[in-house]
Amino acid sequence: MGQTNCHTGHRQRLKAEFKAGGFQGWSDHRVLEFLLGFAIPQGDLNPLAHRLIDRFGDLAGVLDAPLEVLVSVPGIGEHTALFLKALPKAAGRYLSQIEGTTETAGMVRDFYRILVPYFVGATQERLCALSLDSRGKPLGVDVLEEGETSIVKFSLRRVLAPILARNAVGVVLAHNHVGAYARPSDADKVATQKLEALFASVGITLVDHLILSGSEAISFRESGMLGSETLEKQG
């Protein structure tokens with residue numbers, strides 16, 4: 001009984017600290033311990049949180065781990081594994097909904113905030129497009145391609161079709177680098193040049209192309225790499 005009260009008191013202290021300042025200054029294993037408490041009602045969760053972080057590297061690694069791998073960890077059942085897998089998905093939906101109220105996306109940070117939810121938890125390379133109207137107002141986001149292959153191997157028809165269906169005048173592309181830096185590769189530059197020409201041929205402006213990796217993002221526009229002439233000189 002005393003041990004139960006000790007653990008209960010610890011959980012209450014965690015909740016009080018969270019109410020006072022959120023996760024500011026918390027280590028990954030402490031954040032994970034706090035979250036696990038909502039799926040596992042009793043017991044000391046500190047050792048389990050450490051075990052998960054040790055195995056998967058950090059909080060993101062735990063949340064991105066496949067369901068079947070999570071349930072193989074002692075102390076993690078299907079209920080808890082599903083709870084952990086739901087967290088990034090719920091966060092992604094939350095971000096997409098609050099950003100959906102943005103009237104006009106005219107700056108890189110606006111594009112990033114709208115597009116990043118579509119990459120939460122992604123374990124493969126993904127290419128997305130944010131379509132814009134003539135005033136720069138978002139028309140919607142489409143996942144164009146997904147898989148292990150390089151962005152340069154995309155299908156031009158599949159890329160263009162959903163953007164034309166939205167009657168877009170401008171488009172912002174985004175793709176992720178899995179387990180690598182956001183720095184654009186030569187293949188990324190070639191692909192961007194091809195896509196810019198493709199969009200221009202049907203009267204659509206490629207406004208920007210973002211490369212995402214974790215919390216890192218590179219903008220072709222801000223980096224001076226957008227524009228066929230610029231890309232040709234750099235190639």
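Everything quoted here is computed from the prediction, not taken from an experiment.
Within a 6.0 Å radius of CZ in R183, no more than 12 heavy atoms belonging to other residues, nucleotides or ligands are found.
Two residues are said to be in side-chain contact when any heavy atoms from C-beta on lie closer than 4.5 Å; L206 and L226 meet this criterion. Residues S219 and F111 have side chains not in contact (no heavy-atom distance under 4.5 Å, counting atoms from C-beta outward). Annotation: side chain of D188 is in contact with side chain of I211 (closest heavy-atom distance under 4.5 Å). In this structure, the side chains of L130 and D208 stay at 4.5 Å or more apart for every pair of heavy atoms. Between L173 and F199 the shortest side-chain heavy-atom distance falls below 4.5 Å. Here the side chains of P184 and I218 are in contact, with some heavy-atom distance below 4.5 Å. The shortest side-chain heavy-atom distance between L195 and H209 does not fall under the 4.5 Å cut-off. Two residues are said to be in side-chain contact when any heavy atoms from C-beta on lie closer than 4.5 Å; L45 and R11 meet this criterion.
Side-chain contact, D54 with H29: no donor N or O sits under 3.5 Å from an acceptor N or O. Donor-acceptor pairing under 3.5 Å is recorded for the side chains of E33 and H10.
Hydrophobic cluster membership differs between V169 and I204, with clusters built from Ile, Leu, Val, Met, Phe, Trp and Tyr side chains linked at under 4.5 angstrom. Hydrophobic clustering (side-chain heavy atoms under 4.5 Å, transitive across Ile, Leu, Val, Met, Phe, Trp, Tyr) keeps V71 apart from L48.
Looking at R126, its side chain never comes within 3.5 Å of a backbone N or O of V143 through a donor-acceptor pair.
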From CA spacing to verdict: side-chain contact (heavy atoms from CB on, under 4.5 Å), L144, R158: CA-CA 7 Å; L144 306 177; R158 284 205 299 269; over 6 Å; no
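Contact check on E17 versus R30 returns a salt bridge, with a Lys/Arg side-chain nitrogen under 4.0 Å from an Asp/Glu carboxylate oxygen. A salt bridge does not link D133 with R166: every distance from a Lys NZ or Arg NE/NH1/NH2 to an Asp or Glu carboxylate oxygen is 4.0 Å or more.
The minimum heavy-atom distance between L139 and A168, with the atom names listed, is CD1-CA, 3.9 Å.
Among D28, L32, L63, L70, the single residue meeting the side chain to side chain contact (heavy atoms under 4.5 Å, CB included) criterion with F56 is L70.
Qualifying ring pair (Phe, Tyr, Trp, His ring centres under 6.0 Å) partners for F34, counting only residues two or more places apart in sequence or in other chains: F18, F23, W26, F38.
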